[in-house]
There are 2 protein chains.
Amino acid sequence: MAPSSVFGLRLRQARELAALTQEALAVRAGIDEFTASARISQYETGKHVPRYEIACRLADALKVPVAFLYANDDGTAELVLLWQHASATSRREALAVLSAGAA
Amino acid sequence: MAPSSVFGLRLRQARELAALTQEALAVRAGIDEFTASARISQYETGKHVPRYEIACRLADALKVPVAFLYANDDGTAELVLLWQHASATSRREALAVLSAGAA
DNA sequence: CAACTAAGGCGGACTTAGTGG
DNA sequence: CCACTAAGTCCGCCTTAGTTG
């Protein structure tokens with residue numbers, strides 16, 4: 001089913017990017033395997049939203065910044081995804097560009 | 001009291017940046033004034049974490065991206081703060097810098 | 001006025017069990 | 001195997017009321 005919440009949408013995006021099943025993701029995040037499938041499905045379909053601690057563990061398992069899972073707009077989402085893979089020098093340069101170019 | 005949770009820390013950071021009282025913030029976010037002080041205090045001290053919908057309203061009232069309130073590391077937090085004030089051209093340039101400079 | 005807290009009700013996350021691709 | 005869902009339990013947010021600088 002199509003994700004209805006922002007969190008669910010981002011979670012599914014990140015999981016498909018990582019090419020993991022819902023259960024594999026949950027186990028990586030330290031969630032009991034017997035409740036794994038149900039919980040991830042509930043998150044992605046927007047039925048429920050996990051506690052922040054769980055969100056952090058999911059983000060770690062998916063290797064994305066936890067802020068990505070809560071990003072409302074696609075621009076911010078893409079930004080933090082690129083950020084995590086960028087080198088230290090690129091990060092400094094990007095911050096300089098942004099702070100110099102305030103609207 | 002010192003904030004114990006990430007969300008509470010970010011919320012307080014953004015609120016003090018906006019120079020608002022806890023009650024003023026809550027009212028701006030559409031929270032009933034009689035429960036305002038208690039709820040914001042509980043958020044900032046890490047006693048509770050609000051629903052995502054409430055977090056979005058708080059972020060709007062504070063004029064920060066909602067992802068900022070969930071940012072684990074200071075680098076990501078600073079990044080999304082600069083992002084929202086940057087011009088469209090600066091944003092494109094920053095994205096180009098980050099995508100070119102993957103570690 | 002501004003920030004914080006204890007206690008209780010109650011909505012929603014988590015568990016269980018099971019269905020459909 | 002993989003994704004999804006209904007129903008019940010129970011934890012934690014929200015409310016109330018009141019305390020502290």
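Remember, predicted model here, so these are calculated numbers, not experimental data. In what follows, chains carry the letters A, B, and so on, assigned in the order in which the sequence lines appear, proteins first and then strands, with residues in each chain numbered from 1. Atom set for the values below is all heavy atoms of this structure, side chains included, hydrogens, waters and symmetry mates excluded.
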Quiz prompt | Bend angle of the helix from dC1(C)-dG21(D) to dG21(C)-dC1(D), from helix axes over five pairs at each end, nearest 10° | solution =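 Answer rounded to 10°: the end axes differ by 40°.
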For [X] and [N], give me the distance from atom [atom1] to atom [atom2], rounded to whole Å.
X: His48(B); N: dA7(C); atom1: NE2; atom2: P; answer: 13 Å
X: Ile40(B); N: dT15(D); atom1: CD1; atom2: P; answer: 11 Å
X: Glu44(B); N: dA3(C); atom1: CD; atom2: P; answer: 8 Å
X: Lys47(A); N: dG12(C); atom1: NZ; atom2: C1'; answer: 10 Å
X: Glu16(B); N: dA2(C); atom1: CD; atom2: P; answer: 14 Å
X: Leu11(B); N: dA3(C); atom1: CG; atom2: C1'; answer: 13 Å
X: Asp32(A); N: dC14(C); atom1: CG; atom2: C1'; answer: 11 Å
X: Gln42(A); N: dA17(C); atom1: CD; atom2: C1'; answer: 13 Å

Output all residues satisfying side-chain hydrogen bond (donor to acceptor under 3.5 Å, both in side chains) with [X], sequence neighbours left out; order by chain, then residue number.
X: Arg51(A); value: Glu53(A)
X: Arg15(B); value: Glu44(B)
X: Arg10(B); value: Gln13(B), Asp74(B)

Quiz item: Do Leu69(B) and Ile54(B) share a hydrophobic cluster, counting only Ile, Leu, Val, Met, Phe, Trp and Tyr and linking them when any side-chain heavy atoms are less than 4.5 Å apart?
Solution: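 Yes, same cluster.
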At less than 4.0 Å, is any side-chain N or O atom of [X] found next to OP1 or OP2 of [N]? Yes or no.
X: Tyr43(A); N: dA13(C); result: no
X: Ser41(A); N: dA3(D); result: no
X: Arg15(B); N: dA3(C); result: yes
X: Arg51(A); N: dC14(C); result: yes
X: Thr45(A); N: dC4(D); result: no
X: Thr35(A); N: dT15(C); result: yes
X: Arg39(B); N: dT5(C); result: no

Practice problem: Kindly state which residues belonging to residues 17-26 of chain A come within less than 4.0 angstrom of DNA chain C, counting heavy atoms of the residue only, listed by number. | Solution: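 By residue number: none to list.
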Quiz item: Quick one, which residues of residues 52-60 of chain B touch DNA chain C with a heavy atom under 4.0 Å?
Solution: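 Those residues whose heavy atoms fall under 4.0 Å from DNA chain C, taken from residues 52-60 of chain B, amount to none.
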Quiz item: Looking only at heavy atoms, what is the nearest atom pair of Gln22(B) and Ser37(B), with distance?
Solution: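 Reported closest heavy-atom pair: OE1-O, 3.7 Å.
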Quiz item: Just how far is it from atom CD of Glu23(B) to atom CG of Leu20(B), taken to the nearest 0.5 Å?
Solution: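 Between Glu23(B) CD and Leu20(B) CG, I get 11.5 Å after rounding to 0.5 Å.
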Are side-chain heavy atoms of [X] and [Y] found at a separation under 4.5 Å?
X: Asp32(A); Y: Thr35(A); result: yes
X: Leu58(B); Y: Ile40(B); result: yes
X: Tyr52(A); Y: Val6(B); result: yes

Quiz prompt | Heavy atoms of other groups near Arg28(B) CZ, more than 12 under 6.0 Å | solution =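 No, because the 6.0 Å sphere around CZ of Arg28(B) holds 12 heavy atoms or fewer from other groups.
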Practice problem: Measure distances between side-chain N and O atoms of Ser37(A) and base N and O atoms of dA3(D), and say whether any donor-acceptor pair falls under 3.5 Å. | Solution: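 For Ser37(A), whose side chain was compared with the base of dA3(D), there is a donor-acceptor pair (under 3.5 Å).
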Quiz item: Is the centre of the Tyr70(A) ring less than 6.0 Å from the centre of the Phe7(A) ring?
Solution: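 Close enough - the centres of the two rings lie under 6.0 Å apart.
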Quiz item: Considering the options Val80(B), Val66(B), Leu79(B), which one meets the side chain to side chain contact (heavy atoms under 4.5 Å, CB included) requirement together with Thr76(A)?
Solution: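 Filter result, single survivor: Val80(B).
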